[in-house]
Structure formats: C-alpha cells, structure tokens
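Worksheet: the structure to be examined is printed underneath.
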Protein chains: 2
Amino acid sequence: MRLSKTSEYALRILSFMINSDVEIFSANYLIKTLNVPDKYLRRLMTNLSKKGFVKSVQGRDGGYTFAKNADSIYLSDIIDAVEGIDKYRGCILGFSSCSDDNPCALHNKYASIRDQLITFLSTTTISELKSNEALKF
Amino acid sequence: MRLSKTSEYALRILSFMINSDVEIFSANYLIKTLNVPDKYLRRLMTNLSKKGFVKSVQGRDGGYTFAKNADSIYLSDIIDAVEGIDKYRGCILGFSSCSDDNPCALHNKYASIRDQLITFLSTTTISELKSNEALKF
DNA sequence: TTTAAATGCTACACGCAAGTGGTATTTAAT
DNA sequence: ATTAAATACCACTTGCGTGTAGCATTTAAA
C-alpha cells in the first residue's frame with residue numbers, strides 16, 4: 001500500500017488531533033509539530049474542510065477542529081477524499097478483467113491481502129486512533 | 001499494494017512468459033499481447049536483462065528469454081530491481097521512528113497486513129505463476 | 001479603527017514516473 | 001555483401017504528486 005504523501009499527512013494530522021485535547025489547532029502548530037510543509041498543510045486542511053471533515057476558523061485565534069464526530073470518519077473516507085481509494089482495489093498485474101471468477105496468476109493470494117487492507121481502512125475510524133503513545137516526529 | 005506501473009508491467013510480462021511455451025519472445029509480440037508501450041517495454045526488458053533476470057538476444061530472430069530458472073526469481077526481486085521495495089516497508093503515517101516497540105496509532109493493525117504482503121512477494125517465485133487460465137489483456 | 005494573527009487562493013516550480021522519437025547496432029537469411 | 005528483423009541507446013516530452021511564493025481575506029483584541 002503506500003498511501004500518497006498527502007494521505008499520509010492527512011491521517012497523521014487527524015491522528016494527532018484526536019490524541020490531543022487542544023480545542024483548536026493552528027496551521028503553524030501542526031506544521032511545526034508534524035513535519036508537514038507549510039502551504040501544503042494549509043491547502044490540505046482547506047480541502048478537508050470543504051469535504052466536511054474538519055471545520056476551519058478564520059481570523060485571529062483561528063485554526064482547525066473536527067467538523068463532525070471523529071467516530072464517524074473512517075480512514076478510507078480521508079484517503080478517498082484526498083487521493084481516491086479505487087486504485088487500491090485493482091489487479092496487481094493491471095488486468096482490468098481480473099476477478100474472483102477470472103483470476104490472474106496472482107489474484108488468489110493477493111486479493112486476500114489487499115482486501116484485508118481495504119477492510120481495515122474502511123472499518124477503522126479516526127477516533128479509534130486514540131493511543132497512549134505520544135507520537136512525535 | 002499499488003505497485004508502480006513499471007513493476008506491474010514487469011510482472012505481467014514475466015508471468016506471461018512463464019505461462020507460454022514459446023522459446024523466445026520478441027518485444028513486438030509482448031507489446032501487442034500485453035498492452036505495454038513500445039519503447040517502455042524495450043527499456044524495461046533491457047534493464048531486466050542487465051540485472052540478470054532475462055537474457056536478450058539481439059539481431060534477427062532475437063528477443064527475450066529467461067536468463068535463469070524462473071523458480072529462483074522472487075516477485076520481490078523484480079519489484080526491487082525495478083522500483084525498489086523498501087518504500088513498502090515503512091510506517092503508514094510516515095513516522096520514521098515507528099516500530100513494534102514504539103508503534104504509531106495504526107501500527108499494530110497495519111503492520112500485520114503489510115508484512116503479509118512483503119512475505120507474499122518475497123516467497124512467491126515467477127514459476128509459481130504458472131496458471132491454467134489464459135491471461136489476456 | 002488599527003493592528004496582528006490567523007486562513008484562503010492562485011499561480012508557479014520541482015522531481016520523478018511514464019511515455020515517445022530517432023538513430024545506432026547486432027545478426028540471420030538470402 | 002546486402003537486406004531485413006530484431007534489440008540498444010540517448011534525449012526529449014508529458015503528467016502528476018509534491019512543494020513554494022505572494023497576496024488577499026477574515027477576525028479578535030487593543
């Protein structure tokens with residue numbers, strides 16, 4: 001799997017936010033803490049806010065908070081919003097006709113692993129990322 | 001998951017070759033059969049030949065054959081030769097310090113799936129790709 | 001109302017994977 | 001020797017994910 005850098009950033013940020021009891025997170029704070037490039041993070045958060053995952057507060061003392069309950073946000077939702085998740089569903093050899101009924105030579109072993117990943121991503125919520133461990137970069 | 005296009009091509013080609021009893025495969029034949037761009041396939045096969053996986057025969061009636069027994073070529077060998085495989089080993093959130101001892105919030109569930117993939121790729125050989133199914137593109 | 005601290009937007013730059021074009025080289029058949 | 005069928009090489013182009021720069025806008029506090 002190898003998520004895109006952007007998905008990686010997004011999940012890193014949201015996982016950090018859910019593990020911190022700060023009420024609002026400024027871009028600068030996230031940038032410094034999580035090692036994400038300045039303008040890139042801002043653009044990403046603006047996108048996530050347009051998609052309804054976070055809420056952005058403009059102006060002085062502004063920043064980002066969750067827009068909805070983190071236990072209703074699945075990892076796959078974020079990945080799909082940020083880079084699209086369908087590409088993770090395809091045949092490892094790129095055969096468009098490959099399926100359970102018409103498997104390529106790698107399908108049987110590969111599909112099971114791939115499906116575990118998809119299932120993991122689409123059943124795990126952001127709030128399940130609460131952890132005792134302090135993640136520092 | 002989500003190999004590079006180049007790895008995908010490489011595995012597609014080798015898996016086709018092992019499933020066919022042709023003695024030598026011309027670039028043109030592979031290109032037409034497997035839907036890989038002309039010059040791109042040639043360059044790829046030249047690389048695989050320099051790495052010792054296939055043998056290229058120049059001149060009239062030339063083409064490509066396996067340079068060594070396909071049961072000594074692991075999928076991970078090809079992927080590593082073509083795009084490098086280390087990137088598939090990293091933390092899903094990009095934390096370089098993430099490990100079993102110092103896990104990120106996703107590590108425990110993710111690492112197991114990722115390791116299954118790595119294990120699959122590094123224990124499966126090209127000759128195991130022999131299949132009854134005719135793979136056509 | 002001015003200032004400072006924040007996000008939003010648009011356009012551009014960079015790097016690398018993917019793909020293309022043209023020519024050179026090799027080799028078997030005639 | 002000549003020709004035709006094949007691979008090899010080199011440089012260029014394209015597309016896209018990633019990253020950067022500058023200015024505009026919003027808003028709370030003084």
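Chain letters run A, B, ... following the sequence lines, proteins first and then strands; every chain starts at 1.
Between the P atom of C:dG8 and the CG atom of A:Leu48 lies a distance of 11 Å, rounded to the nearest Å. Whole-Å rounding puts the B:Arg43 CZ to C:dT23 P distance at 18 Å. Whole-Å rounding puts the B:Asn47 CG to C:dA17 P distance at 12 Å. The CG atom of A:Leu41 sits 9 Å away from the P atom of C:dT7 (whole-angstrom rounding). Nucleotide D:dA4 holds its P atom 15 Å from the CG atom of B:Asp61, rounded to whole Å. Atom OH of A:Tyr29 and atom C1' of C:dT7 are 19 Å apart (whole Å). Here the C1' atom of nucleotide C:dA17 and the CG atom of B:Leu44 are 13 Å apart, to the nearest Å. Rounded to a whole Å, the CG atom of B:Asp38 is 20 Å from the P atom of D:dC12.
For the residue pair B:Gly90 and B:Tyr110, the shortest heavy atom distance occurs at O-CE2, 3.9 Å.
In this structure, the side chain of A:Lys130 does not engage the main chain of A:Asn19 through any donor-acceptor pair within 3.5 Å. Panel note: side chain A:Asp77, backbone A:Ile73; no donor-acceptor pair is recorded below 3.5 Å.
A:Lys50 comes within 4.0 angstrom of the backbone, heavy atoms only, and of no base.
For the atom pair CD (A:Glu8) and OG1 (A:Thr6), the distance works out to 9.0 Å, reported to the nearest 0.5 Å. For the atom pair CD1 of A:Ile79 and NZ of A:Lys87, the computed distance is 10.0 Å after rounding to the nearest 0.5 Å.
Contact check, B:Lys87 against C:dC16: no side-chain N or O comes under 4.0 Å of OP1 or OP2. Residue A:Thr46 has a polar side-chain atom (N or O) positioned under 4.0 Å from OP1 or OP2 of C:dG8. Listed pair A:Ser49 / C:dT7 fails the phosphate criterion, with no side-chain N or O lying under 4.0 Å from OP1 or OP2. One finds no side-chain N or O of A:Arg42 lying less than 4.0 angstrom from the OP1 or OP2 phosphate oxygen of C:dG8.
Side-chain atoms of B:Tyr9 lie closest to C:dG19 of the nucleotides D:dT18, D:dT26, C:dG19. Counting only heavy atoms from C-beta on, A:Arg60 has its side chain closest to D:dA28 among D:dA28, C:dT26, C:dA18. The side chain of A:Thr6 approaches D:dT18 more closely than any other nucleotide in the set C:dG19, D:dT18, D:dT26. Of the candidate nucleotides C:dG19, D:dC9, C:dT27, D:dC9 has the atom nearest to the side chain of B:Lys39. For A:Pro37, taking side-chain heavy atoms from C-beta onward, the closest of the listed nucleotides D:dG19, D:dC9, C:dA4 is D:dG19. When distances are taken from the side chain of B:Gln58 to each of D:dT25, C:dT26, C:dA6, the shortest belongs to C:dT26.
In this structure, B:Leu30 is a member of the same hydrophobic cluster as B:Tyr40, with clusters built from ILVMFWY side-chain heavy atoms closer than 4.5 Å.
Between B:Glu83 and B:Val57, it is B:Glu83 whose nearest contact on DNA chain C lies nearer the 5' terminus. Of the residues near DNA chain D, A:Tyr40 and A:Gly59, the one whose nearest nucleotide (by heavy atom distance) lies more toward the 5' end is A:Tyr40.
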